[in-house]
Peer 1: 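Here it is, the structure in full.
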Amino acid sequence: MAKREAEKSKKDVASAKADTPDLRKLNRVQMLRLLRDATEENERLSAELAATKERLDQAERKLEDRRIAIADSESLAEASLRLTGMFAAAQHAIDLYGYNVALNTSKNVSGGSLS
């Protein structure tokens, strides 16, 4: 398998050499075009590299956040629940329920009807 890849690599290099113009035979305009094309390719690749590095940084931050959530948990089940946001959703539901109970209690007291 490695031998095939090495042979393919040699063929690719030979093909690239065949496609590359002889720089000694080019005039100034052609050389400037080659330089411009190479510069544009370099800028494009630099931008692509920067974007890739940013995505890598974001992925590493997410991974670290998950590691912290798992480390802070006392069990694997609790870690799974934390990662899926179950605790946050449950706390929000409890807070909403408490608010509604308090609201209904204050309406009943101010309305004068106690059941």
Peer 1: Let me check something: any side-chain donor-acceptor pairs from residues 35-46 under 3.5 Å, sequence neighbours excluded? List them with distances.
Peer 2:
from, atom 1, to, atom 2, distance (Å)
T39, OG1, L35, O, 2.8
E41, OE1, R44, NE, 3.4
E41, OE1, R44, NH2, 3.4
E41, OE2, R44, NH2, 2.7
R44, NH1, E48, OE1, 3.1
S46, OG, N42, O, 2.9

Peer 1: Mind checking side chain to side chain contact (heavy atoms under 4.5 Å, CB included) for L32 and listing every partner two or more places apart, or none if nothing turns up?
Peer 2: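 If we apply the side chain to side chain contact (heavy atoms under 4.5 Å, CB included) test to L32, skipping adjacent residues, there are no hits.
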Peer 1: Please tabulate, for side-chain N and O atoms in residues 23-31, each donor-acceptor pair with protein atoms closer than 3.5 Å (sequence neighbours left out).
Peer 2:
from, atom 1, to, atom 2, distance (Å)
R24, NE, D22, OD1, 3.4
N27, OD1, V29, N, 3.1
N27, OD1, Q30, N, 2.9
Q30, OE1, N27, N, 3.0

Peer 1: Remaining members of I94's ILVMFWY cluster at a side-chain heavy-atom cut-off under 4.5 Å?
Peer 2: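 Besides I94, the hydrophobic cluster comprises nothing; the residue is isolated.
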Peer 1: Return a table of donor-acceptor pairs under 3.5 angstrom between the side chains of residues 56-64 and protein atoms on other chains or two or more places apart.
Peer 2:
from, atom 1, to, atom 2, distance (Å)
Q58, NE2, E54, OE2, 3.4

Peer 1: Residues two or more places apart in sequence or in another chain: which of them pass side-chain hydrogen bond (donor to acceptor under 3.5 Å, both in side chains) with Q91?
Peer 2: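 Q91 satisfies side-chain hydrogen bond (donor to acceptor under 3.5 Å, both in side chains) with D95 only.
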Peer 1: When clusters are formed from ILVMFWY side-chain contacts under 4.5 Å, directly or step by step, what else is grouped with Y97?
Peer 2: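 Traced through the cluster, Y97 reaches V101.
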